[in-house]
Amino acid sequence: QGIFGYYFMLYNIRRKHMRNVFVSYSHRLDQDVVDEFRRKFGNDKMVFSDCSLENKDLSHLSDDTIKNNYIRPQLRLSSVTIVLIGAETGGRWWVDWEIYFSLRKSAGNERNGILGILIPNKQHYIPQRILDNPNNSEIISMPKSAKELEDAIERVYLKRYHTPNLSRPLRQRNSHI
């Protein structure tokens with residue numbers, strides 16, 4: 001077995017604790033930051049298993065098609081939703097819908113814990129639905145290490161069993177600060 005067996009054992013131990021994560025963000029301003037975040041912490045780095053949508057253009061599809069055929073199935077696979085928070089995040093109706101669906105328990109959909117991460121060197125427009133649900137969510141600064149992110153993911157994973165406040169109407173359009 002030797003050194004290979006040792007590393008394989010470590011891989012399996014660490015792999016067992018990886019959570020399935022959906023990453024939500026404002027695509028217009030924050031795509032580069034999100035790509036870097038995924039490179040730093042995603043599947044290859046074994047901090048979380050990324051269940052998010054691939055970065056592809058879906059603008060030719062209807063909103064209902066995107067929700068039902070792309071976003072909902074990916075959210076159902078996840079147990080934590082990470083919201084990367086920049087200058088427009090709180091005003092994006094897609095982000096609001098993803099948080100809402102993450103918090104809503106229904107047939108075939110367990111609740112997700114919500115982890116808001118403040119993007120460094122930007123203004124932060126925190127989604128109100130996160131602020132409405134402190135028992136289901138947490139907001140942190142951009143993690144500096146894999147351990148810091150793993151710990152935060154685990155904390156919000158354990159918060160997913162609390163009943164959320166979903167009384168706020170869903171956003172119908174985007175807004176800015």
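Only this structure's heavy atoms are used, side chains among them; waters, hydrogens and symmetry mates stay out.
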Any donor-acceptor pair under 3.5 Å linking the side chain of Asn165 with the backbone of Ser167?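 It does hold such a pair.
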With clusters defined by side-chain heavy atoms of hydrophobic residues (ILVMFWY) lying less than 4.5 Å apart, directly or transitively, does [Y] cluster with [X]?
X      : Y      : value
Leu170 : Leu131 : yes
Leu75  : Leu61  : yes
Tyr125 : Leu29  : no

Please report the interatomic distance [atom1]([X]) to [atom2]([Y]), rounded to the nearest 0.5 Å.
X      : Y      : atom1 : atom2 : answer
Ile99  : Arg168 : CD1   : CZ    : 11.0 Å
Ile114 : Leu103 : CD1   : CG    : 4.5 Å
Leu115 : Lys159 : CG    : NZ    : 9.5 Å
Ile71  : Thr65  : CD1   : OG1   : 11.0 Å

Check this for me: does any side-chain nitrogen of one of [X] and [Y] sit under 4.0 Å from a carboxylate oxygen of the other?
X      : Y      : value
Lys147 : Asp151 : yes
Glu148 : Lys144 : no
Glu36  : Arg39  : yes
Glu110 : Lys105 : yes

Any Thr89 side-chain heavy atom under 4.5 Å of Tyr25 side chain: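 The answer is no, as the side chains (C-beta and beyond) never meet within the 4.5 Å cut-off.
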Would you please classify the geometry between the Trp97 ring and the Trp94 ring as parallel, tilted or perpendicular, with 30° and 60° separating the classes?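 Correct class here is perpendicular.
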Quick check, are the ring centers of Phe48 and Phe22 under 6.0 angstrom apart?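 They do not qualify: ring centres at least 6.0 Å apart.
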Asn112-Ser79 side chain donor-acceptor pair, cut-off 3.5 Å: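 Note: Asn112 and Ser79 side chains miss the donor-acceptor criterion.
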Could you tell me whether the side chains of Ser62 and Asp64 share a donor-acceptor contact shorter than 3.5 Å?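 Side-chain D/A pair, Ser62 to Asp64: absent.
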Report the C-alpha distance between Ser137 and Arg129 in whole Å, list the side-chain angles of each, state the deciding distance to 0.1 Å, and finish with yes or no for side-chain hydrogen bond (donor to acceptor under 3.5 Å, both in side chains). CA-CA 10 Å; Ser137 63; Arg129 201 168 302 279; over 6 Å; no
